[in-house]
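Notes follow the structure.
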Amino acid sequence: MTSWKPPARTHRADGPDGDRSTGSPWLRLLPGISPERRGFVLAWWAFTLTFGGLRLLTWLVHIDAAGLGDVEAGGVHIHHYVWGILLLAAVAAAGLVAHSARWRAWMGLAYGTGLALVVDEAALLISLEDVYWDSVGGVSIALAISLIGVAGSALALTRGRAASGADAGTDAGTGAGTGAGKGSDAGTGARRA
């Protein structure tokens, strides 16, 4: 009599866009968004959420809520635009080499977060004074809301058809496509965003 054996486990290789076939949070979160566009969408989300979170956090620090305080080094207040500049520099350095779609998605999140850290204190950078809670500080809010609106509109208005089979032929490391997949533009190699 033969005994039952469990099916052999197979290794799931990275999908065509550098994500695990079914395990990628980006594929679950953003179905139908092409790998090339995913980083931009995530950057927009990260910017929007970071900006809102920063405004809440700085307001809580401002009203002395829950024991929150400023970040200081040697008695000097470190503004959060400093962390944003450092994060943007890291994203720029990482962007100098080709990466998989998964890495581009993480870079999009980091880019949006870093940009929000800087833009939230744009009024301070423009006036070179700590005007965060003054009426002049509204420049930062206006700029951030404008960026959120313009970038969100651009993403919505330029949204192409969902990721196609042409993306299925994408090499995860280089982004080079074959154009021969299901749904491609008749082998022309045209890519959809």
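As the structure is a prediction and not an experimental result, all values here were calculated from the model.
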(request) Work out which heavy atom in Ala123 is nearest to a heavy atom in Gly137; give both atom names and the distance. (result) CB-CA, 3.8 Å
(request) State plainly whether one hydrophobic cluster holds both Leu128 and Tyr81, where clusters connect Ile, Leu, Val, Met, Phe, Trp and Tyr through side-chain heavy atoms under 4.5 angstrom apart. (result) no
(request) Check whether any side-chain heavy atom of Asp120 lies under 4.5 Å from a side-chain heavy atom of Tyr132, and answer yes or no. (result) yes
(request) Specify the closest pair of heavy atoms between Trp44 and Ala151, including all atoms of both residues, with the distance to one decimal. (result) CD1-CB, 3.6 Å
(message) Ignoring hydrogens, what is the shortest heavy-atom contact between Arg55 and Ser140? Give both atom names and the distance.
(response) NH2-CB, 3.8 Å
(request) Search all heavy atoms of Thr58 against all heavy atoms of His80 and return the closest pair with its distance. (result) CG2-CE1, 3.7 Å
(message) Taking the side chain as everything from C-beta on, heavy atoms only, tell me whether Trp106 gets closer than 4.5 Å to Arg102.
(response) yes
(request) Indicate if Ile126 and Leu124 have the same hydrophobic cluster label, given that clusters are the connected sets of ILVMFWY residues with side-chain heavy-atom separations under 4.5 angstrom. (result) no
(request) Mind listing the closest non-hydrogen atom pair of Ser146 and Ala142 along with its distance? (result) OG-O, 2.7 Å
(message) Let me check something: do Leu86 and Val91 share a hydrophobic cluster, defined by ILVMFWY side-chain heavy atoms less than 4.5 Å apart, either directly or through other members?
(response) yes
(message) Using modelled atom types and a 3.5 Å cut-off, is there a donor and acceptor pairing between side-chain atoms of Arg104 and backbone atoms of Gly39?
(response) no
(request) Flag the pair Ile78 / Glu72 as yes when at least one side-chain heavy-atom distance between them is below 4.5 Å, and no otherwise. (result) no
(request) Report whether Trp133 and Leu57 are members of the same hydrophobic cluster (ILVMFWY, side-chain heavy atoms less than 4.5 Å apart, transitive linking). (result) yes
(message) If only side-chain N and O atoms count, and only distance matters, is there a donor-acceptor pair under 3.5 Å linking His79 with Glu121?
(response) yes
(message) Between Arg37 and Thr158, is there a side-chain heavy-atom distance shorter than 4.5 Å?
(response) yes
(request) Could you pull out the closest heavy-atom pair between His77 and Asp70, with the gap in Å? (result) ND1-CB, 3.2 Å
(request) Taking the side chain as every heavy atom from C-beta outward, state whether Trp83 and Val71 have any pair of such atoms under 4.5 Å apart. (result) yes
(message) Is the shortest side-chain heavy-atom distance between Val139 and Val131 below 4.5 Å?
(response) no
(message) Take a 6.0 Å sphere around CZ of Phe51 and say whether it holds more than 12 heavy atoms from other residues, nucleotides or ligands.
(response) yes
(request) Mark yes or no for whether Thr50, through its side chain, and Ala116, through its backbone, hold a donor-acceptor pair below 3.5 Å. (result) no
(message) Could you see if Val150 belongs to whatever hydrophobic cluster contains Ile148? Use Ile, Leu, Val, Met, Phe, Trp, Tyr and a side-chain cutoff under 4.5 Å.
(response) no
(request) Could you walk me through whether Val118 and Leu125 pass the side chain to side chain contact (heavy atoms under 4.5 Å, CB included) test, one step at a time? (result) CA-CA 9 Å; Val118 173; Leu125 292 167; 4.0 Å; yes
(request) Could you check if a side-chain atom of Phe47 sits within less than 4.5 angstrom of a side-chain atom of Val119, using non-hydrogen atoms only? (result) yes
